[in-house]
Every structure is written in C-alpha cells, then in structure tokens.
Protein chains: 2
Amino acid sequence: MLNFSKKIEYGLIALRYIALIGDGNIVTAKEISDKYKISYELLAKVLQKLAKAGIINSFYGVNGGYTLAKSPEKIKLSEVILALEGKSNISIVTCNSDQPESCTIFDRCTIKTPLNKIQSVINNMFSEISISEIL
Amino acid sequence: MLNFSKKIEYGLIALRYIALIGDGNIVTAKEISDKYKISYELLAKVLQKLAKAGIINSFYGVNGGYTLAKSPEKIKLSEVILALEGKSNISIVTCNSDQPESCTIFDRCTIKTPLNKIQSVINNMFSEISISEIL
DNA sequence: TAAAAATGGACTAAAATAGTCGTATATAAA
DNA sequence: TTTATATACGACTATTTTAGTCCATTTTTA
C-alpha cells in the first residue's frame, strides 16, 4: 500500500530524462524505454497521458517525439499524479474519492473526517514538489 | 494508488471504537464487525495483528475481547501501519523497500534518491499522528 | 511512397488485496 | 467437567488492481 504505481515511476523517470538529456531537443519514447529497459508500450501510454495533460508536447512522424511543455519548476508532482492516475485514485481512503458510494461502510465510517487531515498534508506536499526537485 | 488498505481502515475504525466505546472495558471483534457491518474474519485478523504488536491487549474465552494496551496519544499511525502491513509495504517506491532487488530497473533508476525526500515527509507525518487525533 | 513516430483501444497476465473456511486453543460460567 | 464464547492462525478462494502486450491507425518527414 501507499506505493507509487509503475505509471508514476515511469512518468517521473521520463520527465527527468526529457528535462535533462533532452534539454529542449526532442526525445522519443523508444529512446527512453531502451535506456531504462522498460516496456515501450507502457511508457508510450504514460507519455501520451502526460501529453494530453499538457505537461509535455508531442510531435508525430519521423523526428517526432516529446519535449517538456513548461519548465521543470512549473511541473508539480500533483499534476503528474493526476494526469497518470486520474482524480479518484489519489486519496488514502476510498471515502475521499470521487465515488463515496464505492465505500461499503460510508455511512458507518468514523474515520473519514480525521483522515482528511492526513490527506491534505499529502496533497500539499505533492503540489509543492516540482519535477526540478528530482533532477 | 496511495490508498490505505482495508486492513488499515478497519484497524483504525477498531482502535477508535475500543478507545471511545470501550473506554477501558473489553470489546469483542464480533461487536465491532456487527456495528460496522464489516467482515468478522478480516477484522479478527486485524485485531490479532494489533495485539501481537502490543497495541491492544487480547483476552481469551468467555467475556474475552480487546482493550487498548496504551493510551491513544501513544499509539502512532506509523505503528498501526507497520503492525498491519509489515515494513516492506510502507514506501512509495519499490526501491526504498526491504527488497531493492525486486525493482527491475534498480540500477538504472534515477528517481529513487529524490523520492526518498518525499518518503521522509510521509514517514514523519505518520509517526507524529496518533490515534487520539482520530477520535 | 516508405519509414518512423505518436495514438489509442482491446486484450491478457500477474500481483496485490479482500474475503472465506476450518480448526485449534484458552477461559469463564453453569 | 462440560459447554459456550472468544481469540489464534493457517490455508484457501475470489476479486480487484496493476502491469504488460498486441494490433491497427494517424501523422509527418525524407
């Protein structure tokens, strides 16, 4: 529990690579997957999501690939997590998420309120940390 | 991702119940599972682990059950998580856990060091928050 | 037009989580 | 001393989530 998913790990590794190695130049998904020997298809999907969220720019065709869409300082960890996991998946307890009805004991649950405090601390931390801090 | 498991949720609900409703008196697993309509067997195992970790006292037989082993202020969230999940399961990235060899890209991974910072913030928070704060 | 690259949906595999079952052990009360 | 009640615990199954694969499509450059 409380683990970052591979999606997040790969996303962070890729963003770091694009920022450092790319440094303005276009980087391909294949280049990154080769370098770190991670699944190309999986990484490709991660990059697609980051592109859709406006975190990176994507370029089709020969010589295509990705560049950062903004400076590393402006890319917050919270954005990356949101882009890759979706809103519902970033809360420590089910009750806080998009679908409270998915929690089987919602109305009887006595800990959701106090746990929101913990949630805010985590959220604040994630929205303060930027990609530049993992370079 | 980043969700607390049901084990943790049930554990916290149970600890709160024992602290508040029990208030020194013995509380049974059945009483709690009935009250919150959660799986008796699952809750029972959670309570067994909490007892083994010295967080609650257990009493066999007729009129048996559980009481807190120490005051709520002294029961930290980190203890509860550790008791219920084990050491290896409380890190945001695989690389930080007990088995670094379980990470397939360990030697090529470029984000484990910066992520340790995030890990410490989370760990500190968990070791500061006590059960009294969720009552 | 061919090659290289991203896009995206459908599918399968693997791992983690949640839940169940059965049996043993201890204790109190009748 | 028997019975009922409660915890202890291992083995098993089911479900859900996560990870990974496959394949066809679109776009662009040379």
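Hydrogens, waters and symmetry mates play no part in the numbers below; they use all other heavy atoms, side chains included. Reminder, nothing fancy here: chain letters follow the sequence lines and each chain counts from 1.
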Report all side-chain donor-acceptor pairs from residues 19-28 of chain B shorter than 3.5 Å, counting only partners two or more places apart or in another chain.
from	atom 1	to	atom 2	distance (Å)
B/Thr28	OG1	B/Glu31	N	3.0

DNA chain C contacts made by residues 11-22 of chain B, counting heavy atoms under 4.0 Å: none
Interface with DNA chain C, restricted to residues 43-61 of chain A and to heavy atoms under 4.0 Å: A/Lys45, A/Gln48, A/Ser58, A/Phe59, A/Tyr60, A/Gly61
Of B/Glu41 and A/Glu41, the one whose closest DNA chain C nucleotide lies more 5': A/Glu41
Taking N or O atoms only and anything under 3.5 Å, show me the protein contacts with nucleotides 13-15 of chain D, one pair per line.
none

Name all residues meeting the salt bridge (charged side-chain N to carboxylate O under 4.0 Å, His left out) criterion together with [X]; count only those two or more places apart in sequence or in a different chain, and write none if there are none.
X       : result
B/Lys37 : none
A/Glu79 : A/Lys70
A/Lys74 : none

Nearest-angstrom distance from the residue atom [atom1] of [X] to [atom2] of [N]:
X       : N      : atom1 : atom2 : answer
A/Leu42 : D/dC22 : CG    : P     : 13 Å
A/Leu84 : D/dT17 : CG    : P     : 18 Å
A/Glu85 : D/dA19 : CD    : P     : 8 Å

Is the phosphate of [N], meaning OP1 or OP2, less than 4.0 Å from a side-chain N or O of [X]?
X       : N      : answer
A/Tyr40 : D/dC23 : no
B/Ser39 : C/dT20 : yes
B/Asn63 : C/dA29 : yes

If you look only at distance, which donor and acceptor atoms sit under 3.5 Å apart when one is on a side chain in residues 126-135 of chain B and the other is two or more places apart or in another chain?
from	atom 1	to	atom 2	distance (Å)
B/Ser127	OG	B/Asn123	O	3.0
B/Ser127	OG	B/Asn124	O	3.1
B/Ser130	OG	B/Ser132	N	3.4
B/Ser130	OG	B/Ser132	OG	2.6
B/Glu133	OE1	A/Lys117	NZ	2.5
B/Glu133	OE2	B/Ser130	N	3.1

Donor-acceptor contacts, no H, no angles, side chain residues 54-63 of chain B, under 3.5 Å, sequence neighbours left out:
from	atom 1	to	atom 2	distance (Å)
B/Asn57	OD1	B/Thr67	OG1	3.4

[X] side-chain proximity, nearest of [options]:
X       : options               : value
A/Tyr66 : C/dT27, D/dG20, C/dT7 : C/dT7
B/Tyr10 : D/dT7, C/dG19, D/dT29 : C/dG19
A/Ser5  : D/dT7, C/dA3, D/dT18  : D/dT18

Of all pairs that satisfy ring-ring contact (aromatic ring centres under 6.0 Å, His included), the ones with a partner from residues 65-86 of chain B, not counting sequence neighbours: none
Test side chain to side chain contact (heavy atoms under 4.5 Å, CB included) applied to A/Leu42 - qualifying residues, sequence neighbours left out: A/Tyr10, A/Ser39
Which residues share a side chain to side chain contact (heavy atoms under 4.5 Å, CB included) with A/Lys49, sequence neighbours left out: A/Lys7, A/Leu84
Validation row: A/Ile18, A/Leu47 side chains within 4.5 angstrom (heavy atoms): yes
Residue B/Lys35 excluded, over 12 heavy atoms near NZ under 6.0 Å: no
